[in-house]
Amino acid sequence: MSEQFTVYLPDGATKTVAPGETAYAVALQISEGLARQAVGAKVNGQVVDLHRPLADGDQLQLLTPRDPDSLEILRHSTAHILASAVKRLFPSALISIGPVVNDGVNGFYYDFEMEQPFTPDDLVAIEAEMKRVIAEKSSFQREPVSRDEARRRFEAEGEPYKLELLDAAEGDITIYTHGEFNDLCRGPHLPDTGRVKCFKLLSQAGAYWRGDSNNTMLQRIYGTAFFDKKELKKHLHRLEEAKKRDHRRLGRELGLFTVSEKGDLYHDEVEERSYFEEIGQGLVLWLPRGARVRETLESFWRRTHRQAGYEPVFSPHVAHADLWRISGHLGFYNESMYKPIAVDDEEYLLKPMNCPFHVMIYKTKAHSYRDLPVRLAELGTVYRYELAGALHGLMRVRGFTQDDAHIICTEASLEDELNKVLRLALEYLRAFGFEGFDIMLSTRPEKFVGEPSLWDRAEEALRGSIQATGLDYGVDEGGGAFYGPKIDIKIKDAIGRTWQCSTIQLDFNLPKRFQMNYTNSDGEKVAPILIHRAIMGSLERFFGILTEHYAGDFPAWLAPEQARILTISERAEAAAVSLLAECEAHDLRVELDNRNESLGKKIREARLMRVPYLFVIGDREVDEGTAAVRSRQGEQFGSLSHEDAVAWLAEKSLPPSLDL
RNA sequence: GCCGCAAUAGCUCAGUCGGUAGAGCGCGUCCUUGGUAAGGACGAGGUCACGGGUUCAAAUCCCGUUUGUGGCUCCA
């Protein structure tokens, strides 16, 4: 009674296997090479081990290193190998959890409870031990067990974290074993440890058990793994590249900004304390060259927003505590606000957001449905008490400027407004060369304010506006804020990292709290809909992202210095000075290097400062009344008369125009 | 805020076993007047983050503080 199973391959082919046979057997049937290569299988859409028995009628896809799912299997298995190596070298280490991560790191980590944190030397030793585990080629054994059995085993091994995970685990319990190492794990894994060819441990850091700061601090090791040595190399190179692009480094080298520079001043013996010459954590100083970029960004922003029908406004940095009481910030945002400032007998607070001010601007007069929508825009500097450990260059600061705007509209015009906002946001971002977008729609959470029917209509309007762009999007069900649904846009930079910048949020709460209204066509006063939106998010952060995106090579329209005039000898000075004056008269950001240095040195320095264009003037050019034009990359544009050079640079420096 | 790591000249960094500091770049002066990524010489510049302790002696060892940094957390 040897009955046979039929399984279906992705190309529609069928294979016949005996009961109990595995995906591996099917791979062998197809070719030995495939069997050698296969790392796992997808059965009826679910990723499983290569050695999982098949059932009749299964849809089978063999996973080779080329499949994206394979990488996850590889990395997860490498995490297990890491854990087993750590247990060998540090028997007292307690294992906890070791998942694959795709966010930024592109690898995996494993958390351990350790008596001592790992040192860099430990990482080297662990890597060496991992190589031994790999050389052993132990097979990964999957073992379905009962909860009691699993409990008994991890109790015997003295692994409290595993017991805790067991309690939290849903569904069937499986244990994966390779060599002497057992781990509670859903799998799947590689056939054996020998399949891991190239991996690297990257870093070590503390991390709380289950991400809760009330729990024990565990020691986390990050690593990554690839099937192909070249891929690993490329990845490490990318990490290096990212380091080279680090905006903190470029910010210093290019003289763009500085964050909370500290200098020691003196120690006061009487007061018994030291005074530090510093601004304060997370506060940014824009240096002249960075400020020029910011100015350009700001005027670009103003121009596009006027064009898009926004009214620029300004609001103060502080406001009476009552305003924040009415807005509700004192209740739900208190932890992120700077402590109050005493003014007479009253309390004032530094603004963490601009919304209450824009609401107050709206409320300075009565509105009719005829004059909606009102679009108020402001580059508003806000202050938020971010945790000290979270601060990072310009990416996470405590004082930053939002490109904030609030649109107050009727429900009838909501969809139209959302379409416009989204279109503006995408056009604006594309102007900087951002092409990839991750769009996420977040819907009603469990705790919310407002009418469910309004939420539904609003979510539909948001969805409709995304669909109008033709771009893909994800939905974070229940991920909206309590006051309204939202759209977030993440941009992909030049090396593929994603950054969340733009957000479009509906607010059903503030209009109610501030009793905002307008008169509708029936003469009734009704509440408008409030849309919060930001495109760059924070100017500081956006500037940091741009710096890394361009790797410091700002396009000419943004560059702090669009061209530099280089003299070859003193004889060129007069001509250079006159060209400089002509450039400045045309509002071009141009500087003159007439130092007593060689041309080679001047070019080198101009390139290091990433000046897009160089105008070289020597005897020849003086005679001709020209300048020799080249780019920072070395492209030659020939000799242009001063007039032509200015016009040429002006054209190269034109800001992008948006199709709104 | 929590855990690890770090702090030496404006910048990047060296400094062995504890014996009061070095390099390159930058900066200043002078020479050189040059042709597309570094011309040469000389010089100035540091309470080794801050405070305390151990020691005959501390940049170095210990403790605390500050700041930075890698994570965690948070991110209306």
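Order of the sequence lines fixes the chain letters, A, B, ..., with proteins taken first and strands second; residue numbering starts at 1 for each chain.
Remark: R571(A) is in phosphate contact with G34(B), judged by side-chain N or O atoms under 4.0 Å from OP1 or OP2. Applying the 4.0 Å criterion to OP1 and OP2 of U12(B), one finds that R252(A) has a side-chain N or O inside that range. One finds a side-chain N or O of H392(A) lying less than 4.0 angstrom from the OP1 or OP2 phosphate oxygen of G70(B). Between R632(A) and A37(B) there is no side-chain polar atom (N or O) within less than 4.0 angstrom of OP1 or OP2. At the phosphate of C72(B), OP1 or OP2 sits under 4.0 Å from a side-chain N or O atom of Y222(A). Between S598(A) and G39(B) there is a side-chain N or O to OP1 or OP2 distance below 4.0 Å. Here R396(A) does not reach the OP1 or OP2 of G71(B): none of its side-chain N or O atoms lies under 4.0 Å away. Checking the phosphate oxygens (OP1, OP2) of C3(B), no side-chain nitrogen or oxygen of Q219(A) falls inside 4.0 Å. Listed pair K601(A) / G26(B) meets the phosphate criterion, a side-chain N or O lying under 4.0 Å from OP1 or OP2.
Salt-bridge annotation for E417(A) and R533(A): absent, with no side-chain N of the basic residue lying under 4.0 Å from a carboxylate O of the acidic one.
The side chain of S569(A) sits closest to U33(B) out of G39(B), U33(B), G35(B). Distances were taken from every side-chain heavy atom of Q281(A) (C-beta onward) to each of C27(B), G26(B), G68(B); the shortest belongs to G68(B). For R630(A), whose side chain is taken as the heavy atoms from C-beta onward, the closest listed nucleotide among A37(B), G68(B), U33(B) is A37(B).
Taking atom CG of residue D619(A) and atom C1' of nucleotide G34(B), one finds them 10 Å apart after rounding to whole Å. L218(A) has its CG atom 11 Å from the P atom of U73(B), to the nearest Å. Nucleotide C75(B) holds its P atom 21 Å from the CD atom of E540(A), rounded to whole Å. In this structure, the CD1 atom of I568(A) is 9 Å from the P atom of G34(B), given to the nearest Å. L608(A) has its CG atom 15 Å from the P atom of U12(B), to the nearest Å. In this entry the distance linking CG of L283(A) with C1' of U67(B) reads 13 Å, nearest Å. We find that CZ of R564(A) is positioned 20 Å from P of G35(B), with the value rounded to whole Å. Taking atom CE of residue M609(A) and atom P of nucleotide A38(B), one finds them 18 Å apart after rounding to whole Å.
Nearest-nucleotide positions on RNA chain B for E597(A) and L387(A) put E597(A) closer to the 5' end. Residues G600(A) and Y333(A) both approach RNA chain B. Their nearest nucleotides, taken by heavy-atom distance, put G600(A) toward the 5′ side.
Atom P of C13(B) sits at a distance of 26 Å from the matching atom of A41(B), rounded to the whole Å. Rounded to whole Å, the P atom of A21(B) lies 13 Å from the corresponding atom of U16(B). Rounded to the nearest Å, the gap between the P atom of A49(B) and that of C11(B) is 13 Å. Comparing C72(B) with C25(B), their C1' atoms are spaced 38 Å from each other, to the whole Å. Using atom C1' as the reference point in both C63(B) and A9(B), the two lie 28 Å apart (nearest Å). When the P atom is compared between G22(B) and G43(B), the two are found 14 Å apart, to the nearest whole Å. Taking atom C1' on both nucleotides, A14(B) is separated from A59(B) by 12 Å, rounded to a whole Å. On the C1' atoms, U66(B) is 44 Å away from C30(B), given to the nearest whole Å.
Of all heavy-atom pairs spanning G480(A) and P445(A), the tightest one is O-CG, 3.3 Å. Here the closest non-hydrogen pair linking G393(A) and V259(A) is O-CG2, 3.8 Å. Of all non-hydrogen atoms in L608(A) and L254(A), the two that sit nearest each other are O-CD2, 3.5 Å. Of all non-hydrogen atoms in Y613(A) and K652(A), the two that sit nearest each other are OH-CD, 3.4 Å. Pairing each heavy atom of E597(A) with each of K602(A), the nearest pair is O-CE, 3.5 Å. Closest approach of Y383(A) to G399(A), counting heavy atoms only: CD2-CA, 3.6 Å.
Distance check: R384(A) CZ to R398(A) CZ gives 13.5 Å after rounding to the nearest 0.5 Å.
For the pairing with E548(A), the side-chain hydrogen bond (donor to acceptor under 3.5 Å, both in side chains) check across R248(A), H247(A), R249(A) returns one residue only, H247(A).
If you check every strand for non-hydrogen atoms under 4.0 Å, R220(A) touches sugar and phosphate atoms only. When heavy atoms are screened at a 4.0 angstrom cut-off, E621(A) is found touching base atoms of the nucleic acid. Within the nucleic acid shown, A390(A) comes within 4.0 Å of at least one base atom, counting heavy atoms only. Across all strands, A606(A) comes closer than 4.0 Å to no nucleic acid atom at all (heavy-atom distances). No engagement by R249(A) is indicated, since no non-hydrogen atom pair under 4.0 Å with the nucleic acid exists. H532(A) comes within 4.0 angstrom of no nucleic acid atom, judged by non-hydrogen atoms across all strands. Among the heavy atoms of the strands lying under 4.0 Å from R384(A) are primed sugar atoms or P, OP1, OP2 only; no base atom is included. Among the heavy atoms of the strands, none lies under 4.0 Å from E253(A). Within the nucleic acid shown, G618(A) comes within 4.0 Å of at least one base atom, counting heavy atoms only.
A 6.0 Å sphere centred on CD of Q515(A) holds no more than 12 heavy atoms belonging to other residues, nucleotides or ligands.
Stem analysis of RNA chain B (Watson-Crick or G-U pairs, both distances under 3.5 Å, runs of at least three) returns B:1-7 with B:66-72, B:10-13 with B:22-25, B:27-31 with B:39-43, B:49-53 with B:61-65.
Using a 4.5 Å heavy-atom cutoff, the side chains of V86(A) and Y110(A) are not in contact.
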